[in-house]
Visitor: 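Before I ask anything, here is the structure I am working with.
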Amino acid sequence: MQSRSAFSRFFSLFNVFAAARDFYSVWREENPHRLRIMAVSAALTCSIFILMWGQEEVGPPPRPQIDWITTFEPGRTDEEIMASNIANQEKQDALRAERAEREAKVREVYEAIGRASGMDVEAAKAEGEAERAAQAAAEEAARQRALEEIEAGNSVARQSDR
């Protein structure tokens with residue numbers, strides 16, 4: 001007995017000649033709807049191919065081009081870098097102070113609205129100040145941890161340079 005692989009057994013189920021014989025025998029049978037069914041089948045097949053005809057497969061997008069930061073001069077000294085960092089920090093501090101002033105004005109407006117509506121403004125104000133103080137303390141703790149990590153990294157780098 002000859003051993004056949006699963007692949008050959010699978011394709012032995014598909015016989016083109018047997019399929020053509022089956023189609024011919026079904027086509028020869030008298031069926032008043034066979035031309036309508038054939039027309040609908042052909043129309044559906046053609047409509048699918050017409051819809052696919054307009055589709056365009058482009059492929060994966062091209063790899064992005066890497067642009068390095070070009071706003072800084074490549075040969076800057078450490079002093080120039082520190083000076084620009086200090087100027088930027090001063091600008092950020094001014095923006096934070098301006099934002100704090102706006103927020104204080106908004107809080108004053110809300111206090112006036114709260115007083116006019118009969119709310120306990122002092123309790124809400126104390127709660128808000130406590131939340132802001134807790135947030136500032138958490139930010140300062142995170143800043144201190146980051147500075148300690150930077151200093152630890154710098155000291156390790158200095159020791160390895162020796």
Side-chain angles (χ1 to χ4, degrees), residues 4-14 19 33 36-162:
R4 292 181 6 184
S5 68
F7 187 71
S8 65
R9 280 182 286 167
F10 177 73
F11 280 106
S12 69
L13 298 174
F14 302 104
H33 303 294
R36 290 183 196 136
I37 292 172
M38 186 181 74
V40 169
S41 300
L44 288 174
T45 304
C46 289
S47 64
I48 289 172
F49 279 104
I50 287 170
L51 288 174
M52 289 190 317
W53 188 269
Q55 300 296 319
E56 189 172 314
E57 195 64 34
V58 178
R63 293 178 56 100
Q65 180 181 356
I66 297 175
D67 292 329
W68 301 99
I69 297 175
T70 57
T71 57
F72 298 127
E73 295 177 22
R76 296 187 312 157
T77 64
D78 288 343
E79 290 78 21
E80 291 173 336
I81 293 171
M82 285 190 273
S84 68
N85 288 349
I86 290 170
N88 185 39
Q89 187 61 45
E90 289 172 353
K91 182 179 175 183
Q92 294 297 319
D93 290 342
L95 289 173
R96 282 190 195 99
E98 185 180 319
R99 185 180 343 138
E101 288 178 19
R102 284 195 310 265
E103 289 174 357
K105 288 179 183 177
V106 169
R107 280 193 294 275
E108 289 174 7
V109 169
Y110 279 123
E111 286 176 16
I113 292 172
R115 283 190 186 95
S117 63
M119 294 176 61
D120 186 13
V121 176
E122 298 305 320
K125 184 177 178 180
E127 183 181 334
E129 288 175 358
E131 287 178 9
R132 283 189 295 281
Q135 183 179 7
E139 288 175 1
E140 183 61 31
R143 188 175 296 117
Q144 289 300 323
R145 281 194 306 273
L147 288 174
E148 290 170 2
E149 289 175 9
I150 290 171
E151 285 299 321
N154 287 343
S155 66
V156 169
R158 282 189 212 120
Q159 288 176 359
S160 67
D161 289 341
R162 292 182 186 174

Visitor: Check Arg115 with Glu122, please: is the shortest side-chain N to carboxylate O separation under 4.0 Å?
Guide: yes
Visitor: If you round to the nearest 0.5 Å, how far is CD of Glu108 from NZ of Lys105?
Guide: 8.5 Å
Visitor: Taking the side chain as C-beta and beyond, is there a heavy-atom pair between Arg132 and Glu103 under 4.5 Å?
Guide: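 They are not in contact (no side-chain heavy atoms under 4.5 Å apart), so the answer is no.
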Visitor: Salt bridge check, Arg145 against Glu148: does any charged N sit closer than 4.0 Å to a carboxylate O?
Guide: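 A salt bridge is absent here (no side-chain N lies under 4.0 Å from a carboxylate O).
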Visitor: At what distance, to the nearest 0.5 angstrom, does CD1 of Ile86 lie from CD1 of Ile81?
Guide: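 Between Ile86 CD1 and Ile81 CD1, I get 12.0 Å after rounding to 0.5 Å.
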Visitor: Glu80 and Arg76: which non-hydrogen atoms are nearest, and at how many Å?
Guide: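 Distance-wise, the nearest heavy atoms are OE1-CA, 3.2 Å.
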Visitor: What distance do Lys125 atom NZ and Asp120 atom CG have between them, rounded to the nearest 0.5 Å?
Guide: 12.0 Å
Visitor: Can a side-chain donor-acceptor contact be found between Gln89 and Asp93 if the only test is distance below 3.5 angstrom?
Guide: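 Yes, Gln89 and Asp93 have a side-chain donor paired with an acceptor closer than 3.5 Å.
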Visitor: For Gln135 and Glu131, which I'm curious about, is there any donor-acceptor pair between the side chains at under 3.5 Å?
Guide: no
Visitor: Would you call Arg102 and Glu98 a salt bridge, using N to O less than 4.0 angstrom?
Guide: yes
